[in-house]
Amino acid sequence: MAVSQPSMRILLVALALGWSTDFIFYGKTAGISVPIFTLLTLAALFVLGRLGGVRVVGRNLWLLAPLLFFATMAFVRANPLLTSINILSVVLLLCLLLFFYAGGRIERLGLLGYPAVMAVSLGQMLVQPRDPVSSIARDLSTQRERVRLATPLVGGLLLALPVLALFTILLSSADSIFAGLVGGLFQLNLLIGLPETLWRQAIILAATWIIAGGLFFALSRRPEHEDIRSNPPGVWTLNRSAGFIEVATVMVLVDLLFAVFAWIQFTYLFFGQAAWTMQYEVYREYVRRGFGELLVVAVLTMFLIVGLRWVARKETAKEVRYLNLLSTIMIGLTLVILVSAFQRMLVWESVQFYINTPTRLYVRAFIAWLGLLFGWLLFALWSRQDRFAIGAFVAAIGFFVTMNLVNPDADVATYKSRPQG
């Protein structure tokens, strides 16, 4: 069966984008190339969708805002870590946009849905071009008449090669200038760039294949093809679940442990008793070593709450309210832990031998966004539990956006330029 006009159109556009990757990326550092390629890809997607009569899902187009932001920041920021984060963010958001371009609701994804969508999108990029390319290959194989007509020309070229080679050798022996011209043409100039040329052509073909796969995938999905509410990507159903007593026991014990720790923080750290009673070096070490471990505890606590609520077998509305209450207490105590971590970091920054590094800004922003995410978790527990994942996704975007806006390298450079004393 002949390849359809829309499929051929997609393949030609993908080939043009594949060539553009060689022009704007090869041998160049990632900078202005990232936003240019992102804009070209988006333009191709929307134009092909319009020509193909594929209606974009407007409620998912908010992904364009962070996508374009991170693509721009990949050009604006020179920090290697931020550049890597920005490029990875662009790839993730492009995968999400391809998946939800013509169908689905991103806010209904679970936590595992985001890596699942990314895996599905990347997998489809590899397999989608197979059928259109196979159709083109079959079309070419049926053009036997044209191949038959071209056969004598190819045969003539093959016969001419030894004749041309013989005459070239004789003429080169007869004239040194001609020999120099032939030597400069055939000795190295045609072969020295051959490996690089072949490598670049392979990159272009690979980029074309992947881009075509992404375009085919985005434009082939339809809302009626799946019911994302009943079967969202990344859903994993447990065969067994924990009972209310087991889950509540874990929560009560963890709440008690956190309550003891919170009491110590209020007594010794927040109200200054540790600073009054400890020697300076002991106090400095006390605050320095704590905030990293407390951040780990806070992150693990979030996973614990989400995991326990996932495995809990909630049989009655009363049991659901009890679990929500225990989770709320745990969230409140974890926020105390986050405040303790932030306070320890501020104290450490005020000590005499503190060295300013970008890490502290990453930690500050992470604590702030983690605190906001705990607030969203609290809302989700009492209102819409299936909306926690989208809040976590937005919080991750917010954290990376904050780091780009703060620009840690510039902050450290400003600190070091000030007179210290």
Side-chain angles (χ1 to χ4, degrees), residues 17 20-21 23-26 28-46 49 56-101 104-107 109 111 113-122 124-125 207 210-211 213-215 217-218 233-234 358-359 361-370 372-373 376 389-412:
L17 288 174
S20 74
T21 61
F23 179 73
I24 65 179
F25 283 111
Y26 190 83
K28 303 177 180 66
T29 57
I32 190 64
S33 305
V34 178
I36 290 176
F37 181 75
T38 302
L39 289 173
L40 289 175
T41 303
L42 291 176
L45 176 61
F46 284 96
V56 62
V57 179
R59 61 176 172 266
N60 295 327
L61 288 183
W62 65 269
L63 290 170
L64 291 175
L67 173 60
L68 294 175
F69 175 84
F70 289 122
T72 304
M73 287 297 107
F75 164 61
V76 173
R77 298 293 179 236
N79 180 281
L81 177 59
L82 277 180
T83 300
S84 300
I85 290 174
N86 290 329
I87 293 176
L88 289 175
S89 299
V90 168
V91 173
L92 171 60
L93 289 166
L94 272 177
C95 289
L96 288 170
L97 182 62
L98 293 176
F99 192 94
F100 291 103
Y101 177 82
R105 301 177 68 98
I106 187 174
E107 67 272 13
L109 281 179
L111 284 177
Y114 292 92
V117 164
M118 188 171 184
V120 169
S121 298
L122 293 175
Q124 290 297 318
M125 290 180 192
I210 293 173
I211 294 168
L215 294 174
F217 177 56
T359 304
L361 297 178
Y362 284 95
V363 174
R364 280 190 178 190
F366 182 77
I367 291 175
W369 280 103
L370 187 60
L372 291 175
L373 184 55
W376 177 257
I390 186 64
F393 177 64
V394 172
I397 292 177
F399 169 69
F400 294 135
V401 167
T402 301
M403 296 318 303
N404 276 284
L405 296 178
V406 168
N407 194 7
D409 287 347
D411 181 89
V412 173

Side chain to side chain donor-acceptor pair (under 3.5 Å) involving Asn60 - partner list, sequence neighbours excluded: none

Under the side chain to side chain donor-acceptor pair (under 3.5 Å) test, which residues partner Ser84, sequence neighbours left out? none

Nearest 0.5 angstrom please: [X] [atom1] to [Y] [atom2], how far?
| X | Y | atom1 | atom2 | result |
| --- | --- | --- | --- | --- |
| Leu92 | Leu67 | CG | CG | 10.0 Å |
| Phe75 | Ser33 | CZ | OG | 9.5 Å |
| Phe366 | Met403 | CZ | CE | 12.0 Å |
| Ile390 | Ile106 | CD1 | CD1 | 5.0 Å |
| Leu98 | Leu93 | CG | CG | 11.0 Å |
| Asn407 | Met73 | CG | CE | 9.0 Å |

So do Cys95 and Leu122 actually touch side chain to side chain, heavy atoms under 4.5 Å? yes

Taking the side chain as every heavy atom from C-beta outward, state whether Thr41 and Leu45 have any pair of such atoms under 4.5 Å apart. no

What residues form a ring pair (Phe, Tyr, Trp, His ring centres under 6.0 Å) with [X], not counting sequence neighbours?
| X | result |
| --- | --- |
| Tyr362 | none |
| Phe393 | Tyr114 |
| Trp62 | none |
| Tyr26 | none |

Test item: Arg77 side-chain N/O and Asn404 main-chain N/O as donor-acceptor pair under 3.5 Å: yes

Minimum heavy-atom separation for [X] to [Y], with atom names?
| X | Y | answer |
| --- | --- | --- |
| Ala218 | Tyr101 | O-CD2, 3.9 Å |
| Ile211 | Phe37 | CD1-CZ, 3.7 Å |
| Asn86 | Ala74 | ND2-N, 3.8 Å |
| Ala44 | Leu17 | CB-CD1, 3.9 Å |
| Ala365 | Thr402 | CB-CG2, 4.1 Å |

Per the side chain to side chain contact (heavy atoms under 4.5 Å, CB included) rule, which among Val90, Ile85, Thr83 passes with Ile87? Thr83

